[in-house]
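These values consider heavy atoms only, across backbone and side chains, with no hydrogens, waters or symmetry-generated copies.
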Amino acid sequence: MVFKKEKKAKVSDFKRKLVVKNDPKSPVSEQYRTIRTNIQFSTLDNEIRTLMVTSSGPGEGKSTTAANLATVFAQQGNKVLLVDADMRKPTVHYTFSLGNTFGLTTVLTKQSNLHDSTTQIDSSNLYVLPCGPVPPNPAEVISSRAMDELMETALNEFDMIIFDSPPVLVVTDAQLLANKCDGTILVVSSNFTEKENAVKAKEQLTTSKAKLLGVILNNKKQDKSQYYYYYGGK
């Protein structure tokens, strides 16, 4: 399958969001590679091919985390599809300076296909499927048979699919999607995420039978240059 090439992206957007691409030797980039390794070793018996990244609420860094994780997995040689499944407030197209006329929602409603709606980034192993137009019923769209069919089709083309989902405590979308994925990562932000909300998010994911692989503590200043810390476990 041949995908269309990347549209030109603004350098400022890449520098702001994609640290693993623009500063691969930084401590932050190294932490993302550590997270990648921890995810790969989190379940030795079952390979993680579909991964959802979420948070308890907005503004905690889930979208930036999803984009950087997708990039480091692609840098390892995996053919990765990053899907913007946040149908409430999609942002992935901004990160990569892509259009959002076609994407996940138009593929699911048969207005476009995966081939035409996916963009290869910088001739790399990373491909991006934006959200597309925001639907009036995101939860129904995510829980649909069409979503199952899309995931099945995408897994025939890609080694790994990473979903950027809405926050867990805001809407039910994340719980529905987590139930379909091999693993889930919860992102929390230091000095921002309320402990009670983080616990509630974990409980809701567990209730939805999500396989919670671990938590990424975002924006935690450990020294002058390190801002991300990962710890696994449920």
Side-chain angles (χ1 to χ4, degrees), residues 1-3 18 20-21 31-55 62-87 90 92 95-96 103-105 107-108 113-115 117-121 124-132 141-166 168 173-187 205-206 208-216 230 232-234:
M1 181 179 287
V2 178
F3 291 82
L18 295 176
V20 296
K21 177 180 175 66
Q31 289 299 314
Y32 274 117
R33 288 189 287 271
T34 299
I35 293 169
R36 178 187 65 195
T37 301
N38 288 344
I39 290 172
Q40 291 171 327
F41 280 93
S42 62
T43 171
L44 297 177
D45 294 330
N46 298 298
E47 183 181 10
I48 300 295
R49 296 193 63 200
T50 53
L51 178 69
M52 189 187 83
V53 180
T54 190
S55 58
K62 68 173 180 60
S63 296
T64 298
T65 298
N68 280 281
L69 280 179
T71 302
V72 294
F73 272 104
Q75 289 173 344
Q76 196 181 40
N78 300 289
K79 189 177 180 183
V80 180
L81 177 63
L82 173 62
V83 179
D84 192 345
D86 190 341
M87 299 181 193
V92 170
T95 301
F96 294 92
L104 176 62
T105 56
V107 174
L108 293 177
N113 57 44
L114 185 62
H115 174 281
S117 304
T118 304
T119 299
Q120 182 180 13
I121 302 300
S124 67
N125 289 319
L126 177 61
Y127 298 75
V128 174
L129 180 63
C131 173
V141 172
I142 286 179
S143 61
S144 67
R145 174 60 187 163
M147 175 63 87
D148 295 333
E149 293 173 352
L150 171 64
M151 293 176 70
E152 184 178 345
T153 299
L155 285 171
N156 288 328
E157 297 292 335
F158 298 92
D159 299 314
M160 188 171 195
I161 308 171
I162 296 180
F163 293 93
D164 175 16
S165 83
V168 177
D173 305 16
Q175 297 175 63
L176 295 170
L177 183 57
N179 187 254
K180 297 176 180 286
C181 292
D182 298 329
T184 296
I185 294 292
L186 179 65
V187 177
L205 288 169
T206 301
S208 65
K209 298 182 180 180
K211 185 174 180 57
L212 186 59
L213 302 180
V215 176
I216 293 177
Y230 173 85
K234 299 179 180 181

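Ion pairing between a basic and an acidic side chain is recognised when a charged N comes within 4.0 Å of a carboxylate O; Asp148 and Lys180 show such pairing.
Between the side chain of Thr105 and the main chain of Cys131, a donor-acceptor pair closer than 3.5 Å is present. The backbone N or O of Ile121 lies less than 3.5 Å from a partner atom in the side chain of Ser124, making a donor-acceptor pair. Looking at Asn68, its side chain does come within 3.5 Å of a backbone N or O of Val20 through a donor-acceptor pair. A donor-acceptor pair under 3.5 Å is absent between the side-chain atoms of Ser117 and the main chain of Leu114, judged by distance alone. Within the 3.5 Å criterion, the main-chain N or O of Ala210 finds no donor-acceptor partner in the side chain of Asn179. The closest donor-acceptor contact from the side chain of Thr54 to the backbone of Pro166 lies under 3.5 Å. Side-chain atoms of Asp182 come within 3.5 Å of backbone N or O of Thr50 as a donor-acceptor pair.
Between Phe163 and Leu51 the shortest side-chain heavy-atom distance does not fall below 4.5 Å. Taking 4.5 Å as the limit, every side-chain heavy atom of Leu104 sits out of range of all side-chain heavy atoms of Asp84. A heavy-atom distance below 4.5 Å is not found between the side chains of Asn113 and Val107. For the pair Met160/Ile48, a side-chain contact is recorded, criterion being any heavy-atom separation below 4.5 Å from C-beta on. A heavy-atom distance below 4.5 Å is not found between the side chains of Val80 and Asp159. Side-chain contact between Ile216 and Ile185 is present, with heavy atoms from C-beta onward closer than 4.5 Å. With a 4.5 Å cut-off on side-chain heavy atoms, Ile162 and Leu81 do not count as touching. Looking at heavy atoms from C-beta onward, Ile161 lies out of side-chain contact with Tyr127 at the 4.5 angstrom threshold.
Taking every heavy atom of both residues into account, Glu152 and Arg145 meet most closely at OE1-NH2, 4.3 Å. Heavy atoms only, all atoms of each residue included: Met147 and Val141 are closest at CB-O, 3.9 Å. Shortest non-hydrogen contact noted between Leu213 and Ser42 is CD2-OG, 3.7 Å. Between Arg49 and Leu155, the shortest heavy-atom contact is NH2-O, 2.7 Å. The heavy-atom pair separating Ala70 from Leu82 by the smallest distance is CB-CB, 4.0 Å.
In this structure, CG on Asp173 lies 8.0 Å from CG on Asp86, to the nearest 0.5 angstrom.
Within the structure, the salt bridge (charged side-chain N to carboxylate O under 4.0 Å, His left out) test picks out the following pairs touching residues 32-43 (sequence neighbours left out): Glu30-Arg33.
For Asp164, the side-chain hydrogen bond (donor to acceptor under 3.5 Å, both in side chains) partners are Lys62, Ser63, not counting sequence neighbours. The side-chain hydrogen bond (donor to acceptor under 3.5 Å, both in side chains) search around Gln40 returns Gln76, not counting sequence neighbours.
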Carefully, step by step, assess Lys211 and Thr184 under the rule side-chain contact (heavy atoms from CB on, under 4.5 Å). CA-CA 6 Å; Lys211 185 174 180 57; Thr184 296; over 6 Å; no

